[in-house]
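Both counts, for ligands and for their atoms, begin at 1 and track the order of listing. The figures that follow rest on heavy atoms only: side chains count, while hydrogens, waters and symmetry mates do not.
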Amino acid sequence: MNERLTHFREILRYVPRFRDRVFVIAVDGAVVEDDNFPNLLLDIALLRSLSIRVALVHGAAHQVRKAAEIIKMVPSDLDGTGITDKDTLQIAISAANRVTHEILEGFSANDLRAACPNAIVAHPAGILGGVDHLFTGKVERVDAGLLQTLLEHDIIPVIPPIGINGTGNSFRLNSDAVAVEIAKTLRAVKLIYLNTEGGIRGAAGVVRQLTVQEAETYLKNHKKELSRETTTKLTHAIRAGKEGVERVHIIDGREQEGLLGEVFSNEGIGTLVYANEYQAIRQAQKKDTRAVFGLIQQGIENDELVKRKRADIEKIIGDYFVFEVDRDPVACAALHVYPEQNMGELASLFVDDRYENQGIGGKLIRYAETLARSKSLAKLFCLSTQAVPYFVQRGFTIGTPDDLPPARREKYDQSGRKSAVLVKALT
Ligand SMILES: CC(C)(COP(=O)(O)OP(=O)(O)OC[C@H]1O[C@@H](n2cnc3c(N)ncnc32)[C@H](O)[C@@H]1OP(=O)(O)O)[C@@H](O)C(=O)NCCC(=O)NCCS
């Protein structure tokens, strides 16, 4: 019961942020055929009930392969990335139509209104590397007005991987690429790829999150080990991130509650590629001592933060990072590392009153977590007198002074502040 309640609270926390914003959900054809698809539709119904607008893009490679097998034909391309000959185009059109229809049926069964608009204006991919790609197409333009009209009327656009050009000819498109274009056009806050491989698998399991820049480096360094599917998804996630989509998730569409878990908790199952929201955050330098001291002082006066002298801050200024608005530090935090215990302390988190409730505190916490992970720390802890629920909502659990590294425990006992101890495992 408690766990469920926590889960429910987590969901509610995200509601105001996402109200009336658009999520683009891109499902591979194989996901539509999976047993979990009805659950996914229920999850989308939940998103809709929270006033999140959804546009659904789907693929059809799986269905093209199956349809071709039945008639013992070898398709010239499966997913709109290769050369689409005339016969393959015909199979792709009927397979894609079938998938669209199944999705519309599923939405109807969940009392959701949906429609398949002709919203993609395509043109031929043309001659690439000296080879004519025939009926493989590229997105030329997305009919934003048409999609917006549907969304405003609570209708979910269902977009197949087929586009039509100005003279009425059809082209096979790659659904991952279509999803990027739709997400850009609708200024989606999230693009969620649902596949059958899940997130990016590194040596230590699924890579949970990467900035766009990190994703590019990862792709370059691991190209040989990554499957074709993963490479395509990652490439498109990077493109989306570079072109203004803040968050791209890659998750396994066959996992029950995978979609909700990913969207509504910090502990999702897939990989998140995010545009660098940390650009406003930078490591503090000596010249920032004054600003950091000034910020912390406000917290000390309210007994929210422990007292620190300016000279003490200056000594360990390298542990601090600041959030800047117009080059002015308006918030700060520090990560103190306890190497022997493999732990880090998130300390001195403070957001100037004028900038509260804009998500800056949350960003600094995530930054500290990413920094701690990059130092291979196993646990993060923080001490708080007045923001305990705040940290709990962000995945920390209430611990005891025994959870602190011995050196920190000693200082804790001496201070007499009796702060709550909050702990978060980083694995
Ligand atoms: C706690 C603090 C860091 C939050 O920063 P912020 O940038 O305003 O927070 P965010 O924008 O990320 O989150 C805002 C949400 O947290 C909630 N929140 C803010 N302070 C809270 C607190 N003390 N307890 C519980 N919830 C709190 C807000 O009500 C808001 O909720 P909503 O999303 O439902 O509207 C900031 O208020 C602060 O500097 N406090 C004083 C210093 C402190 O206590 N630091 C922690 C000890 S290290």
Side-chain angles (χ1 to χ4, degrees), residues 5-21 50-52 189 246-247 263-266 274 277-281 284 291-308 312-313 316 319-325 328-338 343-372 379-399 401 403-405 408 411-412 415 417-424:
L5 207 59
T6 311
H7 194 60
F8 189 55
R9 283 210 185 101
E10 284 230 340
I11 291 189
L12 292 181
R13 182 160 73 81
Y14 285 90
V15 173
R17 198 195 306 169
F18 292 143
R19 184 171 295 137
D20 293 331
R21 309 301 294 271
L50 299 175
S51 297
I52 293 166
V189 284
E246 272 180 28
R247 290 177 169 248
V263 174
F264 292 121
S265 80
N266 297 325
Y274 59 93
E277 64 176 9
Y278 300 151
Q279 58 212 359
I281 301 177
V292 168
F293 181 68
L295 283 166
I296 289 177
Q297 213 52 35
Q298 296 178 34
I300 294 172
E301 279 162 20
N302 301 332
D303 198 26
E304 291 159 329
L305 297 181
V306 67
K307 264 195 196 121
R308 277 187 184 87
D312 295 339
I313 294 173
I316 50 163
D319 281 6
Y320 284 83
F321 37 95
V322 291
F323 186 101
E324 286 186 320
V325 174
D328 183 23
V330 300
C332 66
L335 176 70
H336 306 310
V337 177
Y338 292 83
M343 288 171 87
E345 175 180 5
L346 166 64
S348 304
L349 173 65
F350 190 87
V351 179
D352 189 312
D353 290 357
R354 292 167 300 156
Y355 292 92
E356 275 184 354
N357 296 321
Q358 294 178 21
I360 297 174
K363 283 179 185 172
L364 286 168
I365 293 177
R366 285 200 293 276
Y367 182 85
E369 285 178 18
T370 307
L371 196 62
K379 254 188 205 169
L380 204 58
F381 69 89
C382 71
L383 301 175
S384 176
T385 53
Q386 293 169 44
V388 177
Y390 180 79
F391 287 106
V392 170
Q393 281 184 349
R394 279 149 188 86
F396 283 78
T397 51
I398 298 176
D403 292 315
L404 301 174
R408 187 66 184 89
K411 273 205 230 157
Y412 177 92
S415 86
R417 294 183 82 230
K418 299 214 164 35
S419 311
V421 177
L422 294 130
V423 189
K424 183 164 187 177

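- Closest approach of I313 to I296, counting heavy atoms only: CD1-CD1, 4.0 Å.
- Between L305 and ligand 1, no pair of N/O atoms sits closer than 3.5 Å.
- Geometrically, ligand 1 and E356 share a nitrogen or oxygen pair separated by less than 3.5 Å.
- Under 4.0 Å from ligand 1, the heavy atoms of Q386 that appear belong solely to its backbone.
- Applying the ring pair (Phe, Tyr, Trp, His ring centres under 6.0 Å) rule to Y320 yields no partners; only residues at least two apart in sequence or on another chain are considered.
- Residue-ligand proximity, G362 to ligand 1, at heavy-atom distances under 4.0 Å covers atoms 12 (O).
- With a 4.0 Å cut-off on non-hydrogen atoms, R366 does not touch ligand 1 at all.
- In the candidate list F323, Y355, Y390, F350, Y390 is nearest to atom 27 (C) of ligand 1, counting heavy atoms.
- Taking 4.5 Å as the limit, every side-chain heavy atom of M343 sits out of range of all side-chain heavy atoms of L380.
- Annotation: L383 places no N or O atom under 3.5 Å from an N or O atom of ligand 1; distance criterion only.
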Chi angles and distances behind the side chain to side chain contact (heavy atoms under 4.5 Å, CB included) call for L50, F18
CA-CA 8 Å; L50 299 175; F18 292 143; over 6 Å; no

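- One option in I365, D353, L349 has a heavy atom closer to atom 45 (N) of ligand 1 than any other, and that option is L349.
- Side chain of Y412 to backbone of S419: a donor-acceptor contact under 3.5 angstrom is found.
- Between L346 and ligand 1, a contact under 3.5 Å exists for no N or O pair.
- Under the side chain to side chain donor-acceptor pair (under 3.5 Å) criterion, D303 pairs with R417, not counting sequence neighbours.
- Residue-ligand proximity: R394 is placed with a non-hydrogen atom under 4.0 Å from ligand 1.
- A donor-acceptor pair under 3.5 Å is absent between the side-chain atoms of K307 and the main chain of E301, judged by distance alone.
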